[in-house]
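Here's the structure, in structure tokens; my notes come after.
Quantities reported herein were computed from a predicted structural model and do not represent experimental measurements. In what follows, every chain begins at residue 1, and chains take the letters A, B, ... in the order their sequences are listed.
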There are 2 protein chains.
Amino acid sequence: MTVSKTASDAVRSSRALRREPVDPAGDDSMLQLGELSGLLGYSLKRAQLRVFEDFLRCVAPLQLTPAQFSVLLLLDKNPGRNQTEIANTLGILRPNFVAMLDALESRDLCARMRSTNDRRSHILVLTDRGRAVLARAKKLVANKHEARLIEVLGPANHAALLEMLAKLAQEF
Amino acid sequence: MTVSKTASDAVRSSRALRREPVDPAGDDSMLQLGELSGLLGYSLKRAQLRVFEDFLRCVAPLQLTPAQFSVLLLLDKNPGRNQTEIANTLGILRPNFVAMLDALESRDLCARMRSTNDRRSHILVLTDRGRAVLARAKKLVANKHEARLIEVLGPANHAALLEMLAKLAQEF
DNA sequence: CGATATTAGATATGGCGTATAACAATTATT
DNA sequence: AATAATTGTTATACGCCATATCTAATATCG
């Protein structure tokens with residue numbers, strides 16, 4: 001095989017052999033999930049995988065992963081920050097953030113600028129192209145990805161779900 | 001470093017440097033998340049990580065990961081199944097299921113038995129020890145892990161959350 | 001001021017989850 | 001009987017995550 005590290009490959013890869021967990025009318029004649037269906041973590045993980053797959057599909061034209069999209073969003077909302085601050089906010093370890101930035105910078109979506117105050121740190125800025133891609137990505141995410149989620153869940157449920165997940169992500 | 005592949009290590013590792021995403025009163029002076037907080041996938045992933053961490057903590061005495069627990073549960077509810085059937089049901093690829101089973105079998109929690117009908121396949125069975133560990137694990141999960149989730153969310157919300165996640169995991 | 005400690009970014013490395021290809025043994029198909 | 005398909009397995013590769021360590025630069029403290 002030869003898989004490059006692009007968002008489109010992630011989509012292809014995820015779609016390629018969609019290992020349906022419960023196999024709907026497959027050849028395994030439907031095993032009993034038992035207590036598994038009551039395990040929140042189980043459904044949580046499955047749902048997360050599905051949602052990320054859909055995100056990748058919806059934003060595939062722009063070749064952005066969820067993580068990359070979150071970086072661009074954060075850079076836009078928080079100008080003048082350095083790598084450590086952005087990485088920490090997203091829960092990314094600094095060493096792992098380097099390659100992420102390399103990828104974004106090589107596509108001219110953002111740039112590192114040596115700070116004049118502290119010449120150790122890199123101030124991160126969106127390029128014009130980065131801003132343009134982000135704007136298009138936002139539209140795709142809102143009109144295709146989140147729209148589909150809202151359609152499936154219903155607006156009220158969607159909001160309630162978001163609130164509960166945020167609560168779990170914080171107070172847990 | 002030298003990290004062995006045990007559940008306790010997973011707990012230690014997760015706890016060790018808990019990279020708090022939004023850094024509560026840290027030194028990053030609270031960056032703006034912006035549209036990120038409205039992204040379902042973002043909260044979904046964060047919540048999933050937290051819930052899995054808690055699962056590991058709660059069931060740490062038994063050294064079981066969520067994936068291993070799900071395998072034991074499934075073997076208990078579905079006797080006489082082979083590796084492919086169990087793996088498919090859990091969305092695990094057959095090649096990756098081999099090492100998982102090796103680990104469980106080396107701990108005498110389950111065993112592979114050559115089928116008499118089809119001598120290619122291995123019928124998976126829980127050992128006595130496997131049943132005992134599963135029983136203890138179920139109690140820990142119910143009384144510590146899920147109990148905490150219900151406490152944080154409230155029983156009604158917990159049920160609603162479970163339902164919505166199951167819906168996403170299926171109809172999405 | 002100068003020695004020491006700390007910090008930012010980067011590199012190297014390892015573990016784990018996941019994905020595909022390919023093989024041997026066995027069974028199914030024709 | 002010859003060929004195809006299936007089961008478990010091995011080998012392999014990529015992505016994500018984690019830690020230690022290095023350097024340049026800054027901060028701290030005697």
Side-chain angles (χ1 to χ4, degrees), chain A residues 1-19 21 27-28 45 48-49 52-53 56 65-68 70-71 81-88 90-103 105 112-124, chain B residues 1-19 21 27-28 45 48-49 52-53 56 65-68 70-71 81-88 90-103 105 112-124:
Chain A
M1 215 187 63
T2 306
V3 175
S4 56
K5 341 177 174 184
T6 68
S8 69
D9 283 325
V11 174
R12 235 203 345 85
S13 191
S14 300
R15 221 177 354 176
L17 224 176
R18 288 223 29 187
R19 300 152 295 113
D27 56 319
D28 289 343
K45 172 126 191 209
Q48 187 260 317
L49 290 175
F52 267 46
E53 281 175 20
L56 284 171
T65 65
Q68 291 174 327
S70 69
V71 170
R81 298 297 189 156
N82 63 26
Q83 296 184 198
T84 298
E85 292 170 320
I86 299 295
N88 280 345
L90 291 175
I92 302 173
L93 293 173
R94 274 69 84 221
N96 300 328
F97 194 48
V98 174
M100 268 195 72
L101 270 187
D102 288 347
E105 201 172 16
R112 298 181 234 228
M113 296 181 16
R114 273 221 139 14
S115 168
T116 50
N117 312 332
D118 187 340
R119 282 169 38 210
R120 287 171 298 185
S121 61
H122 291 159
I123 300 305
L124 300 179
Chain B
M1 214 187 64
T2 306
V3 175
S4 56
K5 343 177 174 185
T6 67
S8 70
D9 282 325
V11 174
R12 234 202 346 84
S13 189
S14 299
R15 225 177 349 180
L17 223 177
R18 288 226 23 190
R19 299 152 296 114
D27 57 317
D28 289 345
K45 173 127 190 207
Q48 188 260 316
L49 291 174
F52 268 47
E53 281 175 20
L56 285 171
T65 65
Q68 290 173 327
S70 69
V71 170
R81 299 296 188 156
N82 63 24
Q83 297 185 196
T84 297
E85 291 170 321
I86 298 295
N88 280 346
L90 291 174
I92 302 172
L93 293 173
R94 274 69 82 219
N96 300 328
F97 194 48
V98 173
M100 269 195 71
L101 270 187
D102 288 348
E105 200 172 17
R112 298 182 235 225
M113 295 181 17
R114 276 224 119 56
S115 168
T116 49
N117 312 334
D118 186 341
R119 283 168 42 207
R120 286 171 299 184
S121 61
H122 291 160
I123 299 305
L124 299 179

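- In this structure, Met100(B) atom CE and dT9(D) atom C1' are separated by 16 Å, rounded to whole Å.
- For Thr84(B) and dG8(D), the shortest distance from a side-chain N or O to OP1 or OP2 is below 4.0 Å.
- In this structure, Arg81(B) atom CZ and dG8(D) atom P are separated by 12 Å, rounded to whole Å.
- One finds the OG1 atom of Thr84(A) at 12.0 Å from the CD1 atom of Ile92(A) (value rounded to the nearest 0.5 Å).
- Proximity note for Asn96(A) (side chain, C-beta onward) versus dA10(C), dT9(D), dA18(D): the nearest is dA18(D).
- Between Arg114(B) and His122(B), the closest side-chain pair of non-hydrogen atoms falls below 4.5 Å.
- For Arg119(A), there are no salt bridge (Lys or Arg N to Asp or Glu O under 4.0 Å) partners two or more places apart in sequence or in a different chain.
- With sequence neighbours excluded, no residue forms a side chain to side chain donor-acceptor pair (under 3.5 Å) with Asn96(B).
- If you take CG of Leu56(B) and P of dC16(C), they are 13 Å apart, rounded to a whole angstrom.
- Rounded to 10°, the angle separating the first-five-pair axis and the last-five-pair axis of the helix from dC1(C)-dG30(D) to dT30(C)-dA1(D) equals 10°.
- Distance Gln48(B) CD to dC17(D) P: 11 Å, rounded to the nearest Å.
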Where protein sits on nucleotides 21-28 of chain D, one letter per nucleotide: B base, S sugar-phosphate only, - none, heavy atoms under 4.0 Å: ---BBS--

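- Rounding to whole angstrom units, CG of residue Leu49(A) and C1' of dG15(D) are separated by 14 Å.
- Regarding Phe52(B), its CZ atom lies at a distance of 10 Å from the P atom of dG17(C), rounded to whole Å.
- The residue from Asn82(A), Val71(A), Leu101(A) that alone fulfils the side chain to side chain contact (heavy atoms under 4.5 Å, CB included) condition with Leu124(A) is Leu101(A).
- To the nearest 0.5 Å, atoms CE (Met100(B)) and CD (Gln68(B)) are separated by 5.5 Å.
- Nearest-nucleotide positions on DNA chain D for Ala67(A) and Asn82(B) put Asn82(B) closer to the 5' end.
- A side chain to side chain contact (heavy atoms under 4.5 Å, CB included) with Arg81(A) is found for one member of Asn88(A), Ile123(A), Ile86(A) and no other, namely Ile86(A).
- Note that CD of Glu85(B) is 8.0 Å distant from OG of Ser121(B), once rounded to the nearest 0.5 Å.
- Nucleotide dA8(C) holds its C1' atom 16 Å from the CE atom of Met113(A), rounded to whole Å.
- Of the side-chain N and O atoms in Lys45(A), one or more sit less than 4.0 angstrom from OP1 or OP2 of dT18(C).
- Qualifying side-chain contact (heavy atoms from CB on, under 4.5 Å) partners for Phe52(B), counting only residues two or more places apart in sequence or in other chains: Lys45(A), Gln48(B), Pro66(B).
- Straight-line distance from the CD atom of Glu85(B) to the C1' atom of dG8(D): 13 Å, rounded to whole Å.
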